Amino acid sequence: MNGLIQGVKGLLSFLSAPLIGALSDVWGRKSFLLLTVFFTCAPIPLMKISPWWYFAVISVSGVFAVTFSVVFAYVADITQEHERSMAYGLVSATFAASLVTSPAIGAYLGRVYGDSLVVVLATAIALLDICFILVAVPESLPEKMRPASWGAPISWEQADPFASLKKVGQDSIVLLICITVFLSYLPEAGQYSSFFLYLRQIMGFSSESVAAFIAVLGILSIIAQTIVLSLLMRSIGNKNTILLGLGFQILQLAWYGFGSEPWMMWAAGAVAAMSSITFPAVSALVSRTADADQQGVVQGMITGIRGLCNGLGPALYGFIFYIFHVELNELPLPETPSGGSVATQYHLQQNSIIPGPPFLFGACSVLLALLVALFIPEHTNLNVRSSNWKKHCGSHSHPHSPQAPGEAKEPLLQDTNV
């Protein structure tokens, strides 16, 4: 059921993220920030009202639950280029901070007061978030930057969800970045869907240990995405920061795959925190490939690919667990006299060499991403980039304007050594 929900949601966000990003370039960020936050949070109250409606709505919410593309475009609007990597790191770090606090708070309130209070509190926080956007968040895209207004017609080319894929294929640098994101985020998405259950069922972690693991990982991720990311971007540059983050991710996944003891999971978790610098660094690099009025489009491409990975990753990991006969069913397990569960000891006997096969497949995928990322140029020609974006997107912003025969196929960037 989880794989089906995430698959539908991921596919819908893959199709809609570039479109919503492009429309936010036209109509402004604030309205789409409201829309995406509302639909991200809309399924929460349905958890108690009707589980089936919850499953249905959370699947369909993928169409609008693409907050990251709008948020990162918003950040690009209000920051200078040299500030963006730090700003993206702060955005990712605040997301990690919520992951640190919310599972522990939810588990405690659910145990003491029941699950109903958790759902009510989560709904109240979501409403507070929407009110905060309405009252306190200003519009980041100036009126003069918008090529159209609310009353302007939108052509099918602008609304075509596959148009962004054509743009990706016409530009070698954007294509390399998107392939890197796909190959590196696919195992990460699969890991999110199964890892904490893997810790409990296979590694014998208690619920309290899993909550502590999430907290420690989140705190280390916050440090990595703020202080460490800023230092790395200044000292070794944008591209090398991405390569370093991918290297940490390979090490982390390999350690998860071969690790057979709880301390190995803790050590690999510390490495995983360092690998979290990759996405902010990629977003900063992507923002440099687009002009100021096209930030929503390029961030939408990346968010759409991440959405596709969110759909494919859980299914891929589930399939690999199934092939290697690793059962992750949530069942009460009897304890053995030595303290470990029967299932844990049986599994470690059966798979003593590779306890976590999907994580090794993930490490191979990230290794391919690292090889692709090596070909991304460190610096781009800003003048060429800007003029090409304008040429390429001219037909989308002004559907009836004259256009040279070969202009639509102009690449986004031309400064490449691949």
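Quick caveat, the model's predicted, so the values are computed rather than measured.
- At a threshold of 4.5 Å between non-hydrogen side-chain atoms, the residues Leu368 and Val372 do not count as touching.
- For the pair Ser365 (side chain) and Leu183 (backbone), a donor-acceptor distance under 3.5 Å is present.
- A cation-pi arrangement is present between Arg306 and Phe279, with the terminal nitrogen or guanidinium carbon under 6.0 Å from the aromatic centre and inside a 45° cone about the axis.
- Once rounded to the nearest 0.5 Å, the distance linking CG of Leu121 with OG of Ser102 reads 10.5 Å.
- Shown here for Pro187 and Leu253, the closest heavy-atom pair between the two residues is CB-CD1, 4.1 Å.
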Check against ring-ring contact (aromatic ring centres under 6.0 Å, His included), Phe258 and Phe359
CA-CA 9 Å; Phe258 286 113; Phe359 302 112; over 10 Å; no
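- Looking at Tyr198 and Tyr317, their side chains never come closer than 4.5 Å, going by heavy atoms from C-beta outward.
- In this structure the side chain of Asp129 never reaches within 4.5 angstrom of the side chain of Ile125, judged on heavy atoms.
- Without hydrogens or angle criteria, Lys239 side chain to Pro377 main chain gives no donor-acceptor distance under 3.5 Å.
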May I have the step-by-step check of side chain to side chain contact (heavy atoms under 4.5 Å, CB included) for Leu246 and Thr180, ending in yes or no?
CA-CA 9 Å; Leu246 292 173; Thr180 301; 4.0 Å; yes
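- A donor-acceptor pair under 3.5 Å is absent between the side-chain atoms of Ser230 and the main chain of Ile227, judged by distance alone.
- Looking only at atom types and distance, the side chain of Glu188 has no donor-acceptor partner in the side chain of Gln252 under 3.5 Å away.
- Considering CG of Leu117 and CG of Leu109, their distance stands at 5.5 Å, rounded to 0.5 Å.
- With hydrogens and angles ignored, the 3.5 Å screen pairs a side-chain donor or acceptor of Lys30 with a backbone N or O of Leu134.
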Checking side chain to side chain contact (heavy atoms under 4.5 Å, CB included) for the pair Phe95/Ser98: CA distance, chi angles, key distance, verdict?
CA-CA 5 Å; Phe95 182 68; Ser98 70; 4.3 Å; yes
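- The aromatic rings of Phe213 and Phe195 sit tilted relative to each other, their planes meeting at an angle between 30° and 60°.
- Residues Tyr74 and Pro138 meet the side-chain proximity criterion, which asks for heavy atoms closer than 4.5 Å.
- For the pair Arg29 and Asp77, the salt-bridge criterion is met [side-chain N within less than 4.0 Å of a carboxylate O].
- Across all non-hydrogen atoms, the minimal contact from Ile44 to Val119 is O-CG1, 3.5 Å.
- In terms of heavy-atom proximity, Asn240 sits nearest to Ile236 at ND2-O, 2.9 Å.
- Proximity of Phe182 to Leu312: side-chain heavy atoms (C-beta onward) are separated by under 4.5 Å at one or more points.
- Distance check, rounded to the nearest 0.5 Å: CZ of Phe319 to CD1 of Ile323 gives 3.5 Å.
- For Met233 against Ala281, the heavy-atom pair with the smallest separation is SD-CB, 4.4 Å.
- Put simply, the side chain of Tyr256 never gets that close to the backbone of Met265: no donor and acceptor are under 3.5 Å apart.
- Going from atom CD1 of Ile179 over to atom CG of Leu175 covers 4.0 Å, rounded to the nearest 0.5 Å.
- Here the side chains of Val91 and Phe72 are in contact, with some heavy-atom distance below 4.5 Å.
- Here Met274 contributes atom CE and Ser221 contributes atom OG; the two are 10.0 Å apart, rounded to the nearest 0.5 Å.
- With rounding to the nearest 0.5 angstrom, the OH atom of Tyr185 is 12.5 Å from the CD1 atom of Ile305.
- Minimum interatomic distance between Gly89 and Leu229 (heavy atoms only, all atoms of both residues): CA-CD2, 3.7 Å.
- Between Ala93 and Thr226 the shortest heavy-atom distance is CB-CG2, 3.8 Å.
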